[in-house]
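Okay, so here's the structure we're looking at.
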Amino acid sequence: VVVAESNVKLRVDARDAVSALQQTNNASKQLNQTLNTTSKRAGTATANIQRFGISFRSVVGPMVALTGALTLANRSLNTFGRRQADLAVLSAQLERIGAGGSKQLDELKAAADRLGDATLFSQDDFIQSFNILSSFRAIAVESFTEVSEVAADIAQVMGSDVKSATVQLAKALEDPKRGLTALSRSGITFNEAQTETIKKLVDSGKLLDAQALVLETIKGQYEDAATAAGKGFAGALDLLSENAGDAAEALGKGLEPAATEAANALAAVFEQISKIPAPAGQAALQLGLITGGVIALNKAIVAFKATKLA
């Protein structure tokens, strides 16, 4: 009886083991199927992502290019407009002091370009310096370049800008007797003999000689400081910026006729809009708001219906 019971128990245990193995095998098959399905879905997802990436690039690429082109055009027009305005001021000032003509203007523009390339200051800085000098009647146009160059040296050493240094220097050249005191407060020193000589030259009506002595004295303390700073890596970066500005100006000059026409046309449109009576404008605004609200409500209804159908 005991043997029979043992045989029955072994058969039951064996059947249970086989059943467990079959279940394990079925589970393994199910896992493999799941992994295969997941792999296929992952592959499909990857392919979709890749296709989306290609589509995204095909759309975004032109958008980026267009945005870059518009940004470049805007910067070019701004550069051209700013430089054109500065040169227009200089031209008008030269006419005012009786030194008008394209020759003088071209020479000063070339000098500003040269100094802008040779120093860490820009061409625009020197054009603006010339504009400042043109308001001082005692400073000859022929001296503009020399005075601006000395002002740049002072600015480089003092850590200021060309415009401020030009104003300070121009005041001293306009009235050397009083200007020497102001210069000395800024660290530009004149010894007693130089100061006395300059005052005597002014008193005897030799203002140009007095101005020359003032410039000579300052050069002895600051000469070539600006051009020295414009060398090396800093100078290379500044030259790159200067040339980029020149290229932007040239591009802006080409775009200017069309841009000016478009700006004038748009200004005319806004002028007409500004003439619309207040009641009419308010009514149009209210109509626009109502129309916008109706459109938004209609879209919301369509979306709600689509959700219900789904």
Side-chain angles (χ1 to χ4, degrees), residues 86 89-90 93-94 96-99 104-105 107-232 234-235 238:
D86 286 341
V89 171
L90 181 58
Q93 287 291 85
L94 292 176
R96 183 182 63 80
I97 61 179
Q104 288 278 17
L105 187 63
E107 287 178 354
L108 290 174
K109 188 176 184 299
D113 189 36
R114 175 180 60 81
L115 291 172
D117 289 346
T119 68
L120 297 182
F121 301 109
S122 69
Q123 171 185 331
D124 301 337
D125 290 329
F126 289 102
I127 291 293
Q128 291 166 9
S129 176
F130 297 154
N131 285 340
I132 292 169
L133 293 175
S134 65
S135 64
F136 290 86
R137 298 299 298 266
I139 301 175
V141 175
E142 292 76 17
S143 301
F144 280 11
T145 300
E146 181 185 12
V147 174
S148 293
E149 193 167 0
V150 173
D153 289 333
I154 295 172
Q156 187 64 57
V157 174
M158 297 297 185
S160 61
D161 57 85
V162 177
K163 290 171 63 176
S164 300
T166 299
V167 172
Q168 181 184 41
L169 183 56
K171 287 181 177 179
L173 295 175
E174 182 89 354
D175 186 356
K177 292 176 68 174
R178 287 192 296 180
L180 294 184
T181 303
L183 289 176
S184 64
R185 286 198 295 265
S186 301
I188 302 173
T189 59
F190 294 82
N191 60 39
E192 188 175 342
Q194 292 168 334
T195 302
E196 192 62 30
T197 301
I198 291 170
K199 288 180 178 180
K200 287 181 178 179
L201 288 171
V202 173
D203 291 338
S204 60
K206 298 179 180 179
L207 180 60
L208 293 179
D209 292 336
Q211 291 176 344
L213 183 53
V214 170
L215 292 175
E216 182 183 345
T217 303
I218 296 174
K219 285 181 180 180
Q221 301 175 46
Y222 299 97
E223 191 171 19
D224 294 334
T227 53
K231 296 177 181 177
D238 184 73

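Thr181 has its side chain out of reach of Phe190: every pair of non-hydrogen atoms, C-beta onward, lies at least 4.5 Å apart. Side-chain atoms of Tyr222 and Met158, non-hydrogen and from C-beta on, do get closer than 4.5 Å to each other. Contact check for Gln221 versus Val157: no side-chain heavy atoms found under the 4.5 Å cut-off. The closest side-chain heavy-atom distance from Leu105 to Lys109 is not below 4.5 Å.
Taking each heavy atom of Val162 and Ala151 in turn, the nearest pair found is O-CB, 4.4 Å. Considering all non-hydrogen atoms of both residues, Ala234 and Leu120 come closest at O-CD2, 3.7 Å. Residue Phe130 comes nearest to Leu108 through the heavy atom pair CE1-O, 3.2 Å, listed as atom of the first residue, atom of the second, then distance. In terms of heavy-atom proximity, Leu169 sits nearest to Val147 at CD2-O, 3.6 Å. Shown here for Ser129 and Ser148, the closest heavy-atom pair between the two residues is OG-OG, 2.7 Å. Residues Phe136 and Val167 share a closest heavy-atom pair of CZ-O, 4.5 Å.
In this structure, CZ in Arg137 is found 7.0 Å from CD1 in Ile97, a value given to the nearest 0.5 Å. Once rounded to the nearest 0.5 Å, the distance linking CG of Asn191 with OG1 of Thr217 reads 7.5 Å. The CD atom of Gln128 sits 11.0 Å away from atom CG of Leu90, with the distance rounded to the nearest 0.5 Å. Here Gln211 contributes atom CD and Leu213 contributes atom CG; the two are 11.0 Å apart, rounded to the nearest 0.5 Å. Taking CD1 from Ile132 and CD1 from Ile127, the interatomic distance works out to 12.0 Å, rounded to the nearest 0.5 Å. Atom-to-atom distance recorded for Thr189:OG1 and Leu180:CG is 11.0 Å, nearest 0.5 angstrom.
A salt bridge (charged side-chain N to carboxylate O under 4.0 Å, His left out) with Asp175 is found for exactly one of Lys171, Arg178, Lys177, namely Arg178. Leu215 pairs with exactly one of Glu223, Glu146, Glu149 by the side-chain contact (heavy atoms from CB on, under 4.5 Å) rule, that one being Glu146.
Ring pair Phe126/Phe121 is perpendicular by interplanar angle, where above 60° counts as perpendicular and below 30° as parallel.
The backbone N or O of Ala193 lies less than 3.5 Å from a partner atom in the side chain of Thr197, making a donor-acceptor pair. Panel note: side chain Asp153, backbone Ala225; a donor-acceptor pair is recorded below 3.5 Å. In terms of modelled atom types and a separation under 3.5 Å, the side chain of Asp125 and the main chain of Ser122 share a donor-acceptor contact. With Asp161 contributing its side chain and Ser164 its backbone, the two residues share a donor-acceptor pair below 3.5 Å.
Around CD of Glu216, the count of heavy atoms belonging to other residues, nucleotides or ligands within 6.0 Å does not exceed 12.
A donor atom on one side chain and an acceptor atom on the other are not found under 3.5 Å apart for Ser134 and Asn131.
Every residue two or more places apart in sequence or in another chain was checked for a side-chain hydrogen bond (donor to acceptor under 3.5 Å, both in side chains) with Thr119, and none qualifies.
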